[in-house]
Trainee: 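To start, I am sharing the structure in question, which I have written as structure tokens.
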Protein chains: 2
Amino acid sequence: MTVTSTHSAGSAEEGGPKAGNMRSLSRSMEVFAELQRAERPQRLSDLARTCGMSLPTTLRILRVLQDFGMVSQTDKSYRIGPAVLPAARSYLENDPLVVAARPILQQVASQTGLTASLYTRLGFERILVARVDGDSPLRYDLPLGKRLPLTVGAAGKILLATVSDTELGQVVAAAVASGHEESTFTADELRARLPEPGVDYAYSADERATGVLSVAVAVPNGTRRPSESMALTSPVESATEAGLEAGVPELRRAAGRLSELLEGSVY
Amino acid sequence: MTVTSTHSAGSAEEGGPKAGNMRSLSRSMEVFAELQRAERPQRLSDLARTCGMSLPTTLRILRVLQDFGMVSQTDKSYRIGPAVLPAARSYLENDPLVVAARPILQQVASQTGLTASLYTRLGFERILVARVDGDSPLRYDLPLGKRLPLTVGAAGKILLATVSDTELGQVVAAAVASGHEESTFTADELRARLPEPGVDYAYSADERATGVLSVAVAVPNGTRRPSESMALTSPVESATEAGLEAGVPELRRAAGRLSELLEGSVY
DNA sequence: ATATTCTATTTCATAGAATGAAAGAACATT
DNA sequence: AATGTTCTTTCATTCTATGAAATAGAATAT
């Protein structure tokens, strides 16, 4: 089995003109991405300018996306449309990884009493795709589907532990560009945060959210670029570093089981 | 303020070649829609056949969508990708309609003690986009983002109460095609289910889900084709038809307030 | 009210991208 | 190993995606 990585730089590219494939679709997805980034309804001219394309082109893209419910329009402003909800539901209900992970997270959570989460890497960020609460639920709201940095938090760092220096550079650039890190942030600083070579789990305290401790392992996928990680998380008041690290073996086993389940299934 | 309706038939069209705009993007969205419909990973050749396009074209579409995380690939099979989660989150957090509706639903729910929901029409179906539970939460799982029929349930029927006969015909055809209704279903049968002209709310008992009663009103948008509806719902054991209908005035006011809020905001 | 500026939409000619046929790999099955 | 299937690449052709320019429509200023 093979895990295919992304073909080109995707949305977070530097700006160079990209390989020849499907220009119109790529541009359309840029518009769609921009609407998400904006977090508020956008006018046609804004979108055209931000995405660097002509007004007619932008308008035509929006019209088609609107036909499919991916974009809504009121007056002169455009926003993400309701069709993304069925899509998200379809993903959560049918994705083999997410479906397989749920009972496993459940088991880890009840065995350790901690909150168990599954993250997936998307571009130069990560996304929470499943979570099962332990004895003391985290009090900050469930960031399911939220874009989180790879550079901060155990579940992010473990995804970077084994990547090449080249890629680490890209990660730093993206983190700075997206505002997740200061502009002075360097690859060396990042490398220092990551687990030592040989250590297969990451630890974080107060990194992404204050008062939260976590440990995370990568879900093996046969490459040096894992795209999923599993984490145990707890508020400071109900766990210590030692307590969390006691959960690592269990977490490791869980990640291994998930990995095997996926290899096996031929979908 | 104007609510712009969809330009062409969208995804649920009969099969006629569509207006000239953005063929490649339209086809791409068809592929994306098909991946959702399938509910399981699909092989390239399956997708190409189902969507009626050549293998190379389908492959190129999938590659671009994959670059943006809208599609995932494992081995030879493709499925919806994790990028739909941030999109859905963006919609739920930022859509002016959904955001404005939440506190209003909250208020109606606490005043009536019933579960209050907001649906939006998407093509020939409807989608639950927000819900606040009342005193007796509904026991079936929250179908947020689930595609539900327009032909069944108070919140569906009220969206059809004022539409043209032509459109009603399309709705019937779509409901049959999607398996929501038997193939013997006719527009007349549907019309008989809908509220009488002049009545601005719909009632349903045991229609979409057994043991569930609901009433619904449309959110006015200045046209005869409302695209949102608001519903009060309750399990049979904790409410009667009369009890629910007592909530209609409150519901009507709530829908009116939502409508006004949206007119006012110039986003 | 009228002029002015900005934004959105349509039209149209052109470049270039999207497309499928066919060949070539890779994979699965016999 | 041999055959059949599925995937991927190549390439010539067509048609579509594209932006300039003109037109229509809003918004703002005068």
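Each chain gets a letter, A, B and so on, in the order its sequence line appears, and its residues count up from 1.
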Trainee: So, OP1 or OP2 of dT7(C): does either fall under 4.0 Å of a side-chain N or O from R43(A)?
Mentor: no
Trainee: If we ignore angles and hydrogens, is there a donor and acceptor under 3.5 Å between the side chains of Q36(B) and R89(A)?
Mentor: no
Trainee: Show your working on side chain to side chain donor-acceptor pair (under 3.5 Å) between S77(B) and D75(B) and close with a plain yes or no.
Mentor: CA-CA 6 Å; S77(B) 55; D75(B) 286 313; over 6 Å; no
Trainee: Write down the distance between CD1 (I61(A)) and C1' (dT16(D)), rounded to a whole number of angstrom.
Mentor: 14 Å
Trainee: Tell me whether the OP1 or OP2 atom of dA18(C) has a side-chain N or O from T57(B) closer than 4.0 Å.
Mentor: no
Trainee: Please confirm whether the shortest side-chain N or O distance from S24(A) to OP1 or OP2 of dA18(C) is below 4.0 Å.
Mentor: yes
Trainee: Using OP1 and OP2 only, check whether a side-chain N or O of R63(B) sits under 4.0 Å from dT9(D).
Mentor: yes
Trainee: Can a salt bridge be assigned to the pair R37(B) and E125(B) using a cut-off of 4.0 Å between side-chain N and carboxylate O?
Mentor: no
Trainee: CG of L44(A) versus P of dT9(C): gap in Å, rounded?
Mentor: 6 Å
Trainee: Rounded to the nearest angstrom, tell me the gap between atom CE in M22(A) and atom P in dT8(D).
Mentor: 15 Å
Trainee: Quick one: Y78(B) OH to dT6(D) P, roughly how many Å, whole number?
Mentor: 14 Å
Trainee: Please compare L25(A) and L55(A) by the position of their nearest nucleotide in DNA chain C and report the one closer to 5'.
Mentor: L55(A)
Trainee: Rounded to whole angstroms, how far apart are CG on L59(B) and P on dA26(C)?
Mentor: 15 Å
Trainee: From dT8(D), dA8(C), dA17(C), pick the nucleotide closest to the side chain of S45(A)?
Mentor: dA8(C)
Trainee: Checking contacts here: which listed nucleotide (dT10(D), dA17(D), dG19(D)) is nearest the side-chain heavy atoms of P56(A)?
Mentor: dG19(D)
Trainee: Main chain of S117(A), side chain of R131(A): is a donor-acceptor contact present, judged purely on distance under 3.5 Å?
Mentor: no
Trainee: Please give, in whole Å, the distance from dA21(C) C1' to M53(B) CE?
Mentor: 17 Å
Trainee: Ignoring hydrogens and geometry, is there a side-chain-to-backbone donor-acceptor pair from R224(A) to P226(A) under 3.5 Å?
Mentor: no
Trainee: So, OP1 or OP2 of dT19(C): does either fall under 4.0 Å of a side-chain N or O from S54(B)?
Mentor: no
Trainee: Classify the nucleic acid contact of R49(B) as base, sugar-phosphate or nothing, counting any heavy atom under 4.0 Å across all strands shown.
Mentor: nothing
Trainee: Ignoring backbone atoms, establish whether R27(B) has a side-chain N or O less than 4.0 Å from OP1 or OP2 of dT19(C).
Mentor: yes
